[in-house]
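Notes follow once the structure below has been shown.
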Amino acid sequence: MMNRMSGTEFLDQLNPPQREAVTYGGGPLLIVAGAGSGKTRVLTYRIAYLVRHLGVDPGRILATTFTNKAAGEMKNRARALLGTAAGDLWVGTFHSTCTRILRKDIHHLGYSPGFVIYDEKDTESLAKEALRRCDLDEKIYTPSAMRWQIDRAKNDCLGPEGLAASADRAFGPQVTRVYEVYQQLLRENNALDFGDLIRLTVMLFERFPKVVEWYREKWEHVLVDEYQDTNMAQYRLVRLLAAGQQNLCCVGDEDQNIYSWRGATIRNILDFEKDFPGAHVVKLEENYRSTNAILQAAGAVVARNRRRREKSLWTSRSGGHPATLYQAPNEFEEARYVVREIGKLRREGFRAGDFAIFYRTNAQSRVIEECLLADNYAYTVVGGVKFYARAEVKDLLAYMRVLHNPLDAVGLKRIINSPPRGIGKTTIARAEDLARERGLHLADALRALVEDERTGAAARRKVGDFLASLRELQKEAGTLLPSALLQQIIARSGYVDKLRHQDTPESLSRIENIDELVTSIYAFEENTPDATLGIYLDQISLVADVDSLDETADRVVLMTVHSAKGLEFPVVFMLGMEETLFPHSLSRDDPEAVEEERRLCYVGMTRAKDRLYLSHAVSRRVFGSLRFNDPSRFLAEIPEELLDSQVAADRGWAAPERSPARPVIHRPGASSSRPLRRKPQDGERVIDYSFDQSSDYGDEPGDGNAGVPALEAGDRVSHPNLGRGTVERLEGEGRRTRVVVRFERGGTRTLMLAYSELEIV
DNA sequence: ACGCCCCCACTTTTT
DNA sequence: GTGGGGGCGT
């Protein structure tokens, strides 16, 4: 065991505000912790201080974090400080904590403690079913929109009645009905969705004072990390838990609130003193992570936001490289540049694991992956198509889920015919009708179907066989380890055999994924003392993408900016710093949403310790068609002297021999001239990178595609829907430029150049 | 009932 | 460019 601290000498390692935060006594405490200001250290030291100095039993401390990974780290660090004294310290995410509470006490609400947790896909099929039962047109009320609205309501801790009261949308009454039916379906399936985990815990606490009393007694101290990203349901939960002794310590930074779309509200941190009278506030403003150049650049961006507490983050790491701004002609060159720079820096002594590549959307990872692959770099992608969401993995997990909770109709429907065993749509539909008519569970309805003389002989046999094999598995489910059960499922269902038979590249990759699933279950069992099926299913339902990230592996890491929260890397690349991508086009009409994008940008930039690269591509393929994006407004918000601008001069996307025009980024107040705008010369296409910042963003509708290549009459173009054609002429100018195209299929069409998906061929 | 093929919608971000 | 869902042919 490492050198443990018996007294309080570890306080010497802290700066004054940190020490104040660690040693502050009882009562509500808010720690406003700027990026890289050592908040994890403060939290763990505070836990250690409570235990060592104030004699608090670790079992009476609850700490919540945003991801399981952060929870694991905090637990490890607390153990390192406290050793075995760390005892029963509970650190978890809100969701895992609530799951634990509900497993114990949900029976008060009339649910069974064996509930399963539905993921997004499951809840969407549930929403679909709810729509059918409400007799609503799925074309107008899409399952995903319904799911979204319900989720939003749950994040605000609203039930169907609450949603009805607050419904402001035209959909209002319908959504409320769907929500009711959806909720009833969850109950029938003995299932909960993510939102329910929090909301039902709040409900439990509010309706059963004895229960909340028990937990208040249990958790004398409550610590909440990433408080800026809590939603209303979580806020109410925190209030309920802290109501007694008020030993509440919240840590957060409103500049890093990036989950408002998940219901997180910045008000929680801004109103902390109002919510918890007598609250003490400590600000941590010294950054220990980044160079001054990086910190200044990031600070300049986020300073544009209105809704924030004024604070000044500083570092003693003076100087440092200015952030490198790179403009690439397209996303391929952007990716190649990144890989080239990685090569260069590696020769300077950086390790592969020192590099992180961030992007706004998961779809952007592919190009950079290909480039890394081409140069033989080891890399890891965090997130993207989630492992547990893959069809074959979900299928096998659905078996486990159904064995654990036979009422899970969504899971049952998933496995009833996978692998294909001759049970088709009509049979399933009949079973569902029967279930509805007689008020049976789907499993019982299937049984009834087998016994019904009117059912076709073939269907009776097939369904009967399926149910019999399920029964066989059921017998063992209770006693076998999850890994052994999975092996049994694979053996008896013939799932892998069928795939092996197909012998296609896809089926082989599916088998590989299944092997990976088996391996991961073994790993789980090794790390979990009493590994049961239930614990396993909970765990996989509640994992975050980033949880599996192994920072000790020496690999380049790729992830979305969202996933990067809470991490740090010596070298950070941020790709796709373009209007429509970052800030995302879906955010740009809403000033609040733009502020959130800006915070996201800030989060990304402040992950960098030593070097920061920002890049944008003039053109990029999105959905397979070519788009031209302006540089992100966030780039223009960084003072020029903090940027080292580079342009891809080595590869022409204009006429090959000519050097491309230097990009012009307008800075407010800077006396820069109009962007270069000259007449295209023969054989040359001019691309205008400028974007107009004089008009306050957002009030210029659809201004994403200002810079478009100069098209001329006679150019051959192609359109994704209309096919190929020839440009007849151009009308108007600027954003309102229209192109008249004669298509080969016949007919001419006039298209808005800025919006159309025309591509030069 | 199955499998193939076409077409569409998809891209914010995720516990 | 891709994956899922629906429709159609066997």
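Order of the sequence lines fixes the chain letters, A, B, ..., with proteins taken first and strands second; residue numbering starts at 1 for each chain.
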What integer distance in Å separates [X]:[atom1] from [N]:[atom2]?
X: A/Trp148; N: B/dC10; atom1: CH2; atom2: P; answer: 14 Å
X: A/Gln256; N: B/dT14; atom1: CD; atom2: P; answer: 16 Å
X: A/Asn257; N: B/dT14; atom1: CG; atom2: C1'; answer: 14 Å
X: A/Glu120; N: B/dT14; atom1: CD; atom2: P; answer: 10 Å
X: A/Ile258; N: B/dT13; atom1: CD1; atom2: C1'; answer: 8 Å
X: A/His584; N: B/dC10; atom1: NE2; atom2: P; answer: 12 Å
X: A/Lys69; N: B/dT15; atom1: NZ; atom2: P; answer: 13 Å
X: A/Leu581; N: B/dT13; atom1: CG; atom2: C1'; answer: 12 Å

Under 4.0 Å: is that the gap between some side-chain N or O of [X] and OP1 or OP2 of [N]?
X: A/Ser563; N: B/dT13; answer: no
X: A/Asn362; N: B/dT13; answer: yes
X: A/Asn417; N: B/dC2; answer: yes
X: A/Asn231; N: B/dT15; answer: no

>> Applying ring pair (Phe, Tyr, Trp, His ring centres under 6.0 Å), can you list everything that pairs with A/Tyr227, at least two apart in sequence or on another chain?
In response: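 Per chain and number, A/Tyr227 pairs via ring pair (Phe, Tyr, Trp, His ring centres under 6.0 Å) with A/Phe272.
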> Does A/His562 have any ring pair (Phe, Tyr, Trp, His ring centres under 6.0 Å) partners at least two apart in sequence or in another chain, and if so, which?
Replying inline: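 A/His562: ring pair (Phe, Tyr, Trp, His ring centres under 6.0 Å) contacts with A/Tyr259, A/Trp261.
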> Given that A/Val622 and A/Arg421 both sit by DNA chain B, which one's nearest nucleotide is further toward the 5' end?
Replying inline: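 Closest to the 5' end, via its nearest nucleotide, is A/Arg421.
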>> List the residues meeting side chain to side chain contact (heavy atoms under 4.5 Å, CB included) with A/Ala70, not counting sequence neighbours, and say none if there are none.
In response: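 Side chain to side chain contact (heavy atoms under 4.5 Å, CB included) list for A/Ala70, sorted by chain: A/Thr65, A/Thr67.
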> Applying side-chain hydrogen bond (donor to acceptor under 3.5 Å, both in side chains), which residue pairs with at least one partner in residues 535-544 of chain A are found, sequence neighbours left out?
Replying inline: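 Residue pairs passing side-chain hydrogen bond (donor to acceptor under 3.5 Å, both in side chains), neighbours aside: A/Arg103-A/Asp538.
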> What is the per-nucleotide protein-contact pattern of nucleotides 1-10 of chain C, from the 5' end, where B denotes a base atom under 4.0 Å from a protein heavy atom, S denotes such proximity for sugar-phosphate atoms only, and - denotes neither?
Replying inline: B----S----
Kindly write out the residues that satisfy salt bridge (Lys or Arg N to Asp or Glu O under 4.0 Å) with [X], not counting sequence neighbours, or none if the list is empty.
X: A/Asp408; answer: A/Arg401
X: A/Glu392; answer: A/Arg510
X: A/Asp452; answer: A/Arg454

>> Does anything in residues 426-433 of chain A come within less than 4.0 Å of DNA chain B? Heavy atoms only, and list the residues if so.
In response: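 Contacts with DNA chain B under 4.0 Å: A/Thr426, A/Thr427.
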>> Centroid distance below 5.5 Å plus an interplanar angle below 30 degrees: do A/Phe194 and B/dT15 meet both conditions?
In response: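 Yes, A/Phe194 stacks on the base of B/dT15, since the ring centres sit under 5.5 Å apart and the planes are within 30°.
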> Of the non-hydrogen atoms in A/Leu558 and A/Tyr359, which two are nearest, and what is the gap between them?
Replying inline: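 That closest heavy-atom pairing would be C-OH, 3.5 Å.
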